[in-house]
Amino acid sequence: MSNPEKENTKTDDKLNFVQNIISNDQQSNKYDGRILTRFPPEPNGFLHIGHAKSICLNFGIVEKFPGALCNLRFDDTNPAKEEEKYVESIKEDIKWLGFDWKDRLFFSSDYFDKLYEYAVKLVKKGKAFVCDLSTEQMRAHRGTITTPGKESPFRNRTAEENLGLLEQMKKGEFKDGEKTLRAKIDMASPNLNMRDPVMYRIIHTHHQRTGDRWNIYPTYDFAHGQSDSIERITHSICTLEFENHRPLYDWFLDELDVYHPQQIEFARLNINYTVMSKRKLMQLVTEMHVSGWDDPRMPTISGLRRRGYTPESIRNFCERIGVGKVNSTNDVALLEHFVREDLNRTAMRVMSVLNPLKIVIVNYPEDQEEELDAVNNPEDETKGTRKVPFSKIIYIEKDDFMEDPPKKFFRLAPGREVRLRYAYYIKCTDVIKDENSGEITELHCTYDPATKGGDSPDGRKVKATLHWVSVKHAVMAEVRLYTHLFNREDPENAEDGKNFTSCLNLDSLKTLRNCAVEPSLATAQPEDRFQFERLGYFCVDKDSTKENLIFNRTVTLKDTWAKVQKKK
RNA sequence: UGGGGUAUAGUGUAAUGGUAGCACAAAUGAUUCUGGUUCAUUUUGUCCGGGUUCAAAUCCUGGUACCCCAGCCA
């Protein structure tokens, strides 16, 4: 037995390494006790669960530390790739997850004037220059990982000349790519980011917020650190790949002599059986491997929402996986665990038959109908009960009958008695087959009227309880069964020469159009979530209508019978 | 190969010189009108080699492995 005194360790009080740094900084009054983080998405695609990790981290700081704040800042420095519609979807997803940026909504483009001022300052200091090198030439000058680069022949233009050229760039007097503004740092630096990186490039493209006002746009490297500085962010939390950029951000901030946030890098989220880069997700969409960004198989927030995931379950997942600096891949089973946990608590129970098999209860009166009481949620008494109609002909699940059952099969079989949930005990007396195909078309059963409600007065036990739907009262529906999008744990590492799409699971969506659901589901609305008893959790799809009900399977129930079968 | 990072059960994450813990996964049993839930129990770990110390996942030292960087993407 464990020692009760030791059980006081509250896991929720444990801080991850980022929170530890912040906690220490707050205690030491490092930023006058201020804490300000930010979530900085680029509006060039939909948010995925990897972003959710970052959102939970950044906005979660607000909940963890009194007085802390978190900005939402769109990093919109590349008009060629960004769109307004992405801004809207990103906002929607953050709200849906349950976070609120209040009035702290910003855009990097808000700072274009300031950023340009900064650039001018560096030019005047002799720390930046206008370069005429083409992309190819610049690459050649950059050197390699092991050999130093060569300085640009334009590196020594005078400040006056550079100022004039920069002004002309800004006015749109040059073509795209004709010139760049570069920082003058060190072409021999072992850190490639320090080899005179580009600060501004010429892009004659309409910007979703600044219109046609600018012909030059700052690079991410020149915009990001300064934007954090302008907003007086205390802790700039970003992913591991920016570790190499930190010295560059430091250099800009130091040369500019402005406020200096602290950058902390953490490992981005990976999950097995899926991909997590915007580029690859975009490819799945454009190549039509999925129906869109919100396809229920996508790891996007909108996809997970449509699949039936709850914000709570995603947040719990993000909390549990922790935050570290090691590249790691989480098991999708953990994510599934958290939806099951949440939905078990909250989802209404309901009976639906996915693959109907007709049963005629031969000794049940022809025209009789009964309304039976069914529990809405055994985990929550306050959810009450509902009436479910019963009659002579019902559907059960095809999988719940076997003519020649193996040892561990507890369900219906010839001569065997089982319980119909909330209804009666029934015993199978006849198996009716199609003469030609030999396929089972219906079952004949008898029922025991004394077992009404599901209990036998004589204490007789049955080994199985089956869900069912009365044929006469059934509402027909379409059900979409989803499984992993990829049949390989690590689709990124496809076999030689093949890309990740070669690992696509062609059976990741199975549509059933002839499902019988209980009548209470007739009025279900999009995003309503249910537990189909004994089957799994299901969510009404956004395309569902009264005439054509559509349910998406979020996740199956844990299924030890399936496990037993798999072992064979 | 230069530079920057990182190594703790199958997976992910704690332990900040003092009993290697938690969650998921896996396994066993109990309960159950969901083969669900719940409960109990079990298996499995400090990358490797040296050193310091009464005591090392933690400190020192030497290896090894993996990740990131050669966009006018972010």
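All chains are named by letter (A, B, ...) in the order of the sequence lines, taking the proteins before the strands, and each is independently numbered beginning at 1.
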Over all strands shown, is A:Lys81 touching base, sugar-phosphate only, or nothing at heavy-atom distances under 4.0 angstrom? sugar-phosphate

Does any N or O donor sit under 3.5 Å from an N or O acceptor when you compare the side chain of A:Asn193 with the base of B:C69? no

Could you tell me whether A:Arg419 contacts a base, only the sugar-phosphate backbone, or nothing, with contacts defined as non-hydrogen atoms closer than 4.0 Å? base

When every non-hydrogen atom of A:Phe410 is compared with those of A:Lys463, the smallest separation belongs to CE2-NZ, 3.5 Å

Whole Å only: how far is the CG atom of A:Leu269 from the C1' atom of B:U11? 13 Å

Polar atom pairs between nucleotides 12-18 of chain B and protein, under 3.5 Å, N or O only, would you list them?
unit_1, atom_1, unit_2, atom_2, d
B:G12, OP1, A:Thr329, N, 3.1
B:G12, O3', A:Ser328, OG, 3.4
B:G12, O2', A:Ile321, O, 2.8
B:G12, O2', A:Asn330, OD1, 3.4
B:A14, OP1, A:Val323, O, 3.4
B:A14, O2', A:Lys14, NZ, 3.3
B:U16, O4, A:Asn20, ND2, 3.2

In A:Tyr111, A:Tyr200, A:Phe112, the residue satisfying ring pair (Phe, Tyr, Trp, His ring centres under 6.0 Å) with A:Tyr217 is A:Phe112

Base of B:G71 relative to its sugar, syn (within 90° of 0) or anti? syn

Donor-acceptor pair present, A:Glu379 side chain and B:G36 base, under 3.5 Å: yes

Figure out the OH/C1' separation between A:Tyr200 and B:G71, and round it to whole Å. 18 Å

NA contact type, A:Gln531, heavy-atom cut-off 4.0 Å: base, sugar-phosphate, or nothing? base

Heavy atoms only, 4.0 Å cut-off, all strands: where does A:Arg182 land among base, sugar-phosphate and nothing? nothing

Look for any protein N or O under 3.5 Å of an N or O in nucleotides 43-45 of chain B and output each such pair with its distance, or none.
none

Scan A:Ser189 against the nucleic acid and name what it touches under 4.0 Å (heavy atoms): base, sugar-phosphate only, or nothing. nothing

Tell me whether the side-chain N or O atoms of A:Arg411 pair up with the base of B:G35 as donor and acceptor below 3.5 Å, since no angle test is needed here. yes

Under 4.0 Å, counting only non-hydrogen atoms across every strand here, what does A:Tyr422 touch: a base, just sugar-phosphate, or nothing? base

Check every strand shown and say whether A:His224 touches a base, only sugar-phosphate, or nothing at a heavy-atom separation below 4.0 Å. nothing

